[in-house]
Amino acid sequence: MCSKIGVVTGQDLKDLLADARDRGYAIPAVNCTSSCSVNAVLEAAQKSKSPVMIQVSNGGGTYYLGKGIKDPKGSGAGSIALAYHVRSVASYYGIPVVLHSDHCAKKLLPWFDDMLEADEEYFRKFGEPLFSSHMLDLSEENDEENIMICKEYFKKMSKMNLWLEMEIGITGGEEDGVNNEDVDPEKLYTTPEQVWAVHTALSPISDMFSIAAAFGNVHGVYKPGNVVLSPEKLGKHQAYAKKMLECEEEKPLFLVMHGGSGSTSSEIATAVSNGVVKMNIDTDTQWAFWDGVRTFEASNREYLQGQIGNPKGKDKPNKKFYDPRVWMRKGQESMAKRVMDSCEKLSSKGTFEPIMGQGKVQIAEEGKKEFPVLGVLGGMAVGVLVGMVIAKK
C-alpha cells in the first residue's frame, strides 16, 4: 500500500492503484478548473480519509490560465499551473493525491505534448514527472491507429515512470469538444478482445497503464432510462485477460470508469467489484458547486443587491455577504460534500488515515530529489512562471 502523502508518482502510484484493486475500492477522479475547486476536492478526501485524483481537462487548463488569454499553448500553460498549485498544497491535507490530465483526443495532442515537455523537464531536474499520469482518448480513431499512437506516447512516458490511461471504445455524450451524442449504441460497449489488444500492445513497454473500457458510459447526467450501463461486462474483460495470461490473479487489469455522474450506487459497486480503480466525476460536482452558491444567494438575496442597504437598515453594509470568500466557500462546501458521497459509494472512504502536520510544498530545489518547504506562495509563483514561459514558446 502507498504510504506517501501529497502527489504520488511512479512506484507509489502503482502501489496505490494495486491497493485499490486488491482491497476492492476505487478512487474518485474529479475535474478541477480552479484553485477553489482543487481545494474543495482535497478537503473532501481528507475528511473522507480517502486518496483522490485531481484531474484537468484541455478546457479546464485554458480556464485556469484565464479565458482572456488567446494562445495556442494556453491549455498547456494553465494545466501546468494547476499542477504546481496541487504540488504546493496537496500534502497539507495528509492524503495521497494523483495528479492527472483527462481526455486528450487526437486534435488535442499539442496540449498533451506541452504537458509531457513539462514532465520531462521536471524529471530531469527532480527525478520524477510533474504529473502522476495522463489520459489519451483516441476513441474517435479506429482501434489500430488508437493503439499505435498510444504505444508511441507510452514509450516516452515510461522513461519517466508516468502512468497512462487509455480509452478503447467510446464514452457517449459530449465533453471538451468531443461529441459522441449520436454515436452507434453498439460502440458504447468494448469487447474483451479489444481490451486484450490494448494489454498486448502496452504491457511489453511498461505495466503502468489502465484501460477505460466502455460499458455504456455517457458523459453528463441524463433522464433515467436514457443510459444503459452494463458494468458486469468488465468482469468478462478480467476473465478473458486471466485466461490469456494464464495467471492466478482474478483481476489482472486496471480498469477505470468514465461518466460516473448520475450512475447508481449499484452500478458503481458492480464496476468496482470488477476491477475499476478510478471513477471520473465532473457534471455532478459542477452542479454541487453551483447549488451551494445558489442556495446561499436565495437565502441572502436582500443582502446581495447592493454594497449598502439591507433589511437591517438602509445604511448597513453587505460586504460579509458578497465577499467571494463567503459565497465561493459555500460552493466549495457543497462540492466537497458531493465528492465525499463518491468516496462512500466507491468504498474508498476510510482507506487512508490522513497524516497531518507533515505538509510541505512538493517542489524541489534543482538537483535534489527531496522536497523542502518553499512556502505556498513561492510554489505558486514557480507554477505561474513556468506557465508563462510555456505560453510564450
Find out whether N58 and C104 are in side-chain contact, i.e. whether some heavy atom of one side chain is under 4.5 Å from a heavy atom of the other. no
State, to 0.1 Å, how close A26 and V272 come at their nearest heavy-atom pair, and which atoms those are. CB-CG2, 3.8 Å
Using the ring centroid of each side chain, check whether W163 and F254 are separated by less than 6.0 Å. yes
When you check the gap from the basic side-chain N to the acidic O, do E297 and R301 get nearer than 4.0 Å? yes
Within the structure provided, determine whether T285 and W290 are in side-chain contact (heavy-atom separation under 4.5 Å). no
Under a 4.5 Å side-chain heavy-atom rule over Ile, Leu, Val, Met, Phe, Trp and Tyr, are L42 and M356 clustered together? no
Answer yes or no: is there a donor N or O on one side and an acceptor on the other, between the side chain of S50 and the main chain of C343, under 3.5 Å? no
When you look at CD of E145, are more than 12 heavy atoms from neighbouring residues, nucleotides or ligands closer to it than 6.0 Å? yes
Do E43 and Y93 have side-chain atoms, one donor and one acceptor, less than 3.5 Å apart? no
Could you report the tightest heavy-atom contact between K242 and P252, atom names first, then the distance? N-CG, 3.8 Å
Does the side chain to side chain donor-acceptor pair (under 3.5 Å) test come out yes or no for H103 and E165, once each step is laid out? CA-CA 9 Å; H103 292 267; E165 178 185 326; over 6 Å; no
Taking all non-hydrogen atoms of both residues into account, name the closest pair between P129 and R87 and its distance. O-NH2, 3.0 Å
When clusters are formed by joining ILVMFWY residues with side-chain heavy atoms under 4.5 Å apart, either directly or through shared neighbours, do L255 and L17 land in the same one? no
What about F112 and Y153, are their ring centers closer than 6.0 Å? yes
Answer yes or no: are there more than 12 heavy-atom neighbours, outside Y240 itself, under 6.0 Å from its atom OH? yes
Is the distance between the ring centroids of H199 and F209 under 6.0 Å? yes
Are Q194 and D143 side-chain neighbours, meaning at least one heavy-atom pair lies under 4.5 Å? yes
Is there a side-chain contact between E302 and N310 (heavy atoms, below 4.5 Å)? no
Distance-only polar pair, side chains of R338 and S342, donor-acceptor under 3.5 Å: yes
Check the hydrophobic clustering (I, L, V, M, F, W, Y; side-chain heavy atoms under 4.5 Å; chains of links allowed) and say if Y25 and V98 are grouped together. yes
Between NZ of K70 and OG1 of T62, what distance do you get to the nearest 0.5 Å? 8.5 Å
Give a yes or no on whether a salt bridge exists between D323 and R325, defined as a side-chain N under 4.0 angstrom from a carboxylate O. yes
Between W196 and T200, does the side chain to side chain donor-acceptor pair (under 3.5 Å) criterion hold? Intermediate values first, please. CA-CA 6 Å; W196 177 246; T200 301; 3.3 Å; yes
Would you mind reporting whether K73 and W111 have side-chain heavy atoms less than 4.5 Å apart? no
Under the criterion side chain to side chain donor-acceptor pair (under 3.5 Å), I'd like the reasoning laid out for E128 against Y122: C-alpha separation, chi angles, the key distance, then a yes or no. CA-CA 7 Å; E128 68 171 350; Y122 202 89; 4.9 Å; no
Does K151 count as lying over the ring of F154, i.e. NZ or CZ under 6.0 Å from the six-ring centre, within 45 degrees of the axis? no
Partner of M166 by side-chain contact (heavy atoms from CB on, under 4.5 Å), out of V256, I211, I147: I147
Can you get from L108 to F131 by hopping between Ile, Leu, Val, Met, Phe, Trp and Tyr side chains that sit under 4.5 Å apart? yes
Can you name the nearest heavy-atom pair linking S347 to G24, along with the distance? CB-O, 3.9 Å
Taking atom NZ of K47 and atom CE of M340, what is their separation to the nearest 0.5 Å? 6.5 Å
Between S88 (side chain only) and V361 (backbone N and O only), is there a donor and an acceptor less than 3.5 Å apart? no
Nearest heavy-atom pair of V52 and I27: which atoms, and what distance? CA-CG2, 3.5 Å
Electrostatic pair D207-K14, nearest N-O below 4.0 angstrom: yes
Taking M208's backbone N and O only, do any of them form a donor-acceptor pair with S206's side chain (distance below 3.5 Å, no angle check)? yes
Modelled atom types, side-chain donor and acceptor of S273 and T270, under 3.5 Å: no
Below 4.5 Å, heavy atoms only, C-beta onward: do D15 and K4 meet side chain to side chain? no
Has the side chain of R21 got a donor or acceptor atom that lies under 3.5 Å from a matching backbone atom of K251? yes
Assess whether side-chain contact (heavy atoms from CB on, under 4.5 Å) is satisfied between V326 and F296, documenting all intermediate values. CA-CA 9 Å; V326 177; F296 174 78; 3.6 Å; yes
Mind running side-chain contact (heavy atoms from CB on, under 4.5 Å) on M157 and H134 for me, showing each step along the way? CA-CA 9 Å; M157 295 172 66; H134 295 292; 4.0 Å; yes
Are any side-chain N or O atoms of S48 and backbone N or O atoms of A45, one a donor and one an acceptor, separated by less than 3.5 Å? no
Could you tell me whether the side chain of E152 and the main chain of I149 form a donor-acceptor pair under 3.5 Å? no
Let me know which of Q55, M53, M335 forms a side-chain contact (heavy atoms from CB on, under 4.5 Å) with V30. M335
Taking the side chain as C-beta and beyond, is there a heavy-atom pair between K316 and P311 under 4.5 Å? no
Let me check something: do I308 and F321 share a hydrophobic cluster, defined by ILVMFWY side-chain heavy atoms less than 4.5 Å apart, either directly or through other members? no
Give the intermediate values and the outcome of side-chain contact (heavy atoms from CB on, under 4.5 Å) for residues Q11 and N161. CA-CA 8 Å; Q11 187 62 46; N161 297 318; over 6 Å; no
Tell me if a side-chain donor or acceptor on S132 pairs with a main-chain N or O of L99 at a distance below 3.5 Å. yes
Going from CD1 on I205 to CG on L164, what distance comes out if it is rounded to the nearest 0.5 angstrom? 9.0 Å
Output, in order, the C-alpha distance, side-chain angles, deciding distance and verdict of salt bridge (Lys or Arg N to Asp or Glu O under 4.0 Å) for K337 and D341. CA-CA 6 Å; K337 184 178 179 180; D341 180 60; over 6 Å; no
Here the gap from K330 atom NZ to N300 atom CG, rounded to the nearest 0.5 Å, amounts to 8.5 Å
In terms of side-chain heavy atoms, does H100 have a donor or acceptor partner in S133 at a distance below 3.5 Å? yes
Does the Q332 side chain pair with the main chain of C36, one donor and one acceptor, at a distance under 3.5 Å? yes
Tell me the closest heavy-atom pair linking T33 and Y64, and the distance in Å. O-CD1, 3.5 Å
Is any side-chain heavy atom of D282 closer than 4.5 Å to one of D284? no
Quick one about N31 and N280 (side-chain donor to acceptor, distance below 3.5 Å, no hydrogens or angles considered), yes or no? no
Could you walk me through whether K278 and S210 satisfy the side-chain contact (heavy atoms from CB on, under 4.5 Å) test, starting with their C-alpha distance in whole Å, then the side-chain angles of each, then the deciding distance to 0.1 Å, before giving a yes or no? CA-CA 9 Å; K278 170 223 184 191; S210 52; over 6 Å; no
Distance-only, no hydrogens or angles: does the N318 side chain make a donor-acceptor pair with backbone N or O of G309 under 3.5 Å? yes
Measure from the side-chain N and O atoms of N146 to the backbone N and O of E167, and report whether any donor-acceptor pair falls under 3.5 Å. yes
